[in-house]
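First comes the structure, then the notes that go with it.
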Amino acid sequence: MYITTTIPYVNARPHLGHALELVQADVLARHHRRRGEPVRFQTGTDDNSLKNVLAAEAAGVPVRELVDRNAAAFEGLRGPLALSFDSFIRTSTHPAHREGVERIWRETGHDLYQRHYEGLYCVGCEQFYPEGPCPDGHEAPLQRVSEQNWFFRLSRYQDDLYALISSGRLRIEPAARRNEVLAFVAAGLDDISVSRSAARARGWGIPVPGDPAQVVYVWWDALANYITALNDGGGGDYERWWVREPSKVHLVGKGVIRFHAVYWPAMLLSAGRPLPTAIFVHDYLTADGRKISKSSGNAADPAALVRAYGTDAVRWWLLREVPRVGDADFTEARLVARADEDLANGLGNLVSRVATMVVRFLDGHVPEEGEPLAEVDGVVDAALAEFDFRRAALAVWTLVEEANRYVELARPWQQSPREREASLGTLVRTCRELAVQLEPFLPGAAARVSAAVGAGRLTRPEPLFPRHARPAARGTA
RNA sequence: GGGGCGGUAGCUCAGCCGGUCAGAGCAUCGGACUCAUAAUCCGUGGGUCGUGGGUUCAAGUCCCACCCGCCCUACCA
């Protein structure tokens, strides 16, 4: 499976919304790797956006410096969020990227033509609008732009795209999003402008081959990363992951569906390249009921949240509480409640009590016999197949709940030695199974559970998870 | 303007083709237990399922209208 996230433009530091997409992709990657499937997990940054240029100008720093600094912040999420991406591409520095963009440009040459264009351009959206103001409410006013641009014959691919998506050959999830795209395609596709004047872009970006006065439209440039990251000029990765791989999944936010579900497949069709097989569209996060923005502060800064509460707590909130459909509101109080109730009181306490009983009653020796209490692999698998991370996480959690109930039922401290051996054997095996099932979701926690109830003689473990709220304050924060 | 999604207990949400669908978790209250991070387990209370109509023997569950929130799309005067 080839899994990609979108590559964010780096006019600012990453926020929690970026973390959501990265963590979702990471869960898919880890889940499929665990099942022995070949996986390539790809992410990176879009350095070539005009927005980066403007942000740098506003900050009074060279573009290169701002882009490098912010790109480093994105790549730096790897550790704090425990991400397992296999490669991280930066569109301004990856050696094969520029070359790859030029190559697709040439391959689609039969669908490119020059046309004079005049319109209102929103730099915030990197998009033209027939009239103002910009529907997203970006602060910068729309610019009246009049220039000679390159256009792509998108209109030519309307029928192909419709057939592709309605047949499911290009799967778009959730279904409501697929319908949205189909409605858009069916309404008729106009050709799109795919270049900008180099002057207006301040010379930032990739020059159009044979027309240095123009730079390649940033979306065209950015979308290409999905194949240029594989060094599509040669070297085997492209062949392996884009041509032969049967499952190619793009994770994208709802704001960029059209680029991924319409423009990108059309580009590939025009270039005679293989297409992705699935696009999963997630909705957005809000923080304290408000749209996440640069002014949201720490509440939406994933690195800061990890410093305060740890990797597991942040990942767990993103996976356990964000629905497949619909925006989700993030609050620190909810993250703390989840971490305390689920991780500390639920999982941590379970492992703690099981290990302690093995130490106390069996001198630390784990019984030979025992089977996990339940099988959740199938449910997790089914949930992840439809990108329902919350349902998958919940399924794993049923193991914790079953195990805690089982302790109360069996009451090993009152059992005969023989009964006790059996019940503790069951509990240890269940905890081990938990570690296995949990790995894609909470790799750090899984490793700690594994260590606490692993092979050899058990010892009384330290608490696996800290509690963040005082008991008396729980739920009121 | 057109299209889509959501509006279910205080909070977060499950409820596919109409008939144990009125549910879960958290919070509240009561009980049990003591292996455990004062954690855990069991039970109670609580909702006119956005509003108003309609179809049906029967509707959160289908149809229509409207209200609220969000998204996509478009701009006729």
Side-chain angles (χ1 to χ4, degrees), chain A residues 127 129-132 135-136 172 174-190 253-259 261-262 281-286 289-291 317 320-331 333-362 383 386 388 390-391 393-395 397-398 400-415 420 423-424 427-428 431 448 452-453 458 460-477:
Chain A
Q127 206 173 315
Y129 291 101
E131 276 178 43
D136 276 2
I172 300 175
R177 296 299 177 189
R178 185 195 60 224
N179 296 338
E180 197 177 302
V181 173
L182 284 173
F184 177 79
V185 173
L189 298 177
D190 294 327
K254 65 182 175 184
V256 296
I257 307 179
R258 206 164 77 225
F259 302 101
V262 180
V281 184
H282 65 257
D283 287 340
Y284 289 155
L285 297 181
T286 55
R290 279 186 272 180
K291 186 172 176 175
W317 183 83
R320 181 69 186 82
E321 211 144 280
V322 176
R324 190 174 101 103
V325 175
D327 291 352
D329 187 44
F330 171 83
T331 67
R334 284 233 271 285
L335 179 144
V336 166
R338 268 295 167 210
D340 283 355
E341 287 159 18
D342 288 355
L343 301 182
N345 296 352
L347 176 61
N349 183 54
L350 170 69
V351 171
S352 183
R353 67 200 303 206
V354 169
T356 300
M357 284 191 281
V358 171
V359 169
R360 182 185 292 203
F361 300 125
L362 304 176
E386 34 188 56
D388 194 337
R390 188 170 64 170
R391 195 152 65 80
L394 177 63
W397 220 250
T398 60
V400 174
E401 294 176 331
E402 292 230 7
N404 270 322
R405 265 196 293 274
Y406 180 82
V407 173
E408 302 296 328
L409 199 74
R411 308 173 67 79
W413 54 91
Q414 289 181 344
Q415 289 180 311
R420 195 141 63 198
S423 62
L424 291 179
L427 284 166
V428 170
C431 287
R448 275 177 285 150
V453 294
L458 302 192
R460 280 204 59 159
E462 290 298 307
L464 262 49
F465 301 95
R467 310 185 80 249
H468 298 290
R470 295 184 153 283
R474 266 195 301 148
T476 61

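Here is how names work: the chains are called A, B, and so on, in the same order as the sequence lines, proteins then strands, and each is numbered from 1.
- Across the strands present, B:G46 finds no partner; the criterion is a Watson-Crick or G-U wobble pair with both atom distances under 3.5 angstrom.
- Using C1' as the reference atom, B:U40 and B:C66 are 49 Å apart when rounded to the nearest Å.
- Base pairing analysis places B:C76 opposite nothing; no Watson-Crick or G-U wobble pair with both distances below 3.5 Å involves it.
- Distance CG (A:Asp340) to C1' (B:A38): 13 Å, rounded to an integer number of Å.
- In this structure, B:A24 forms a base pair with B:U12, meeting either the Watson-Crick or the G-U wobble geometry with both donor-acceptor distances under 3.5 Å.
- Distance check, rounded to the nearest 0.5 Å: CG of A:Leu362 to CG of A:Leu458 gives 9.0 Å.
- The nucleotide whose nearest atom lies closest to any side-chain atom of A:Arg405 is, among B:C35, B:C42, B:U40, B:C42.
- The distance between atom CG of A:Leu427 and atom C1' of B:U40, rounded to the nearest whole Å, is 13 Å.
- Nucleotide B:G18 carries an anti base; the chi torsion (O4'-C1'-N9-C4 or O4'-C1'-N1-C2) is more than 90° from 0.
- One C1' atom belongs to B:U51, the other to B:G6, and the distance between them is 16 Å to the nearest Å.
- When each of B:A36, B:U37, B:C71 is scored by its nearest atom to the side-chain atoms of A:Pro463, the top-ranked nucleotide is B:U37.
- When the P atom is used for both B:G23 and B:G45, the distance is 11 Å, rounded to whole Å.
- Within the 4.0 Å cut-off from OP1 or OP2 of B:U34, at least one side-chain nitrogen or oxygen of A:Gln414 is found.
- Of the candidate nucleotides B:C35, B:U40, B:C33, B:U40 has the atom lying nearest to any side-chain atom of A:Asn349.
- Using a 4.0 Å heavy-atom distance criterion, A:Leu464 is classed as a base contact.
- With distances taken from any side-chain atom of A:Thr356 to the nucleotides B:C41, B:U37, B:C35, the minimum falls on B:C35.
- Across all strands shown, B:C5 is found opposite B:G69 as a Watson-Crick or G-U wobble partner, with both distances under 3.5 Å.
- Nucleotides B:A74 and B:G3 place their P atoms 15 Å apart, quoted to the nearest Å.
- The side chain of A:Arg353 contributes no N or O atom lying less than 4.0 Å from OP1 or OP2 of B:U34.
- Checking the phosphate oxygens (OP1, OP2) of B:A39, a side-chain nitrogen or oxygen of A:Arg467 falls inside 4.0 Å.
- The side chain to side chain contact (heavy atoms under 4.5 Å, CB included) test with A:Arg467 singles out one residue from A:Asn345, A:Asn349, A:Leu343, A:Val336, and that residue is A:Asn345.
- Distance noted for atom P between B:U61 and B:C17: 11 Å (whole Å).
- Side-chain atoms of A:Arg460 lie closest to B:A36 of the nucleotides B:U34, B:A36, B:A39.
- For the pair A:Arg334 and B:C26, the criterion of a side-chain N or O lying under 4.0 Å from OP1 or OP2 is not met.
- Spacing between atom CG of A:Asp329 and atom P of B:G6 amounts to 19 Å, rounded to whole angstrom units.
- An OP1 or OP2 oxygen of B:C13 is reached within less than 4.0 angstrom by no side-chain nitrogen or oxygen of A:Arg324.
- Comparing the C1' positions of B:C75 and B:A14 gives an interatomic distance of 40 Å, to the nearest angstrom.
- Of all nucleotides listed (B:C35, B:U34, B:C26), B:C26 comes nearest to the side chain of A:Glu341.
- Comparing the P positions of B:U20 and B:A59 gives a spacing of 11 Å, expressed to the nearest Å.
- Contact annotation: A:Arg338 side-chain N/O to B:C26 OP1/OP2 distance is not under 4.0 Å.
- A salt bridge links A:Glu180 with A:Arg177; the closest basic N to acidic carboxylate O contact falls under 4.0 Å.
- Residue A:Gln414 qualifies as enclosed at atom CD: its count of foreign heavy atoms under 6.0 Å is above 12.
- Rounded to whole Å, atom P of B:A36 lies 13 Å from atom CG of A:Leu424.
- Protein atom CZ of A:Phe465 is 15 Å distant from nucleotide atom C1' of B:A36, rounded to whole Å.
- Summarising the geometry, the separation between CD on A:Glu402 and P on B:C41 is reported as 12 Å, rounded to the nearest angstrom.
- Going from atom CD1 of A:Ile172 over to atom C1' of B:C5 covers 16 Å, rounded to whole Å.
- On a pure distance criterion of 3.5 Å, no polar donor-acceptor pair joins the side chain of A:Asn345 and the base of B:A39.
- Residue contacts for A:Arg420: at a heavy-atom cut-off of 4.0 Å it reaches no nucleic acid atom on any strand shown.
- With distances taken from any side-chain atom of A:Glu180 to the nucleotides B:U40, B:C35, B:C72, the minimum falls on B:C72.
- Comparing the same atom, C1', in B:G18 and in B:G4 gives a spacing of 23 Å after rounding to whole Å.
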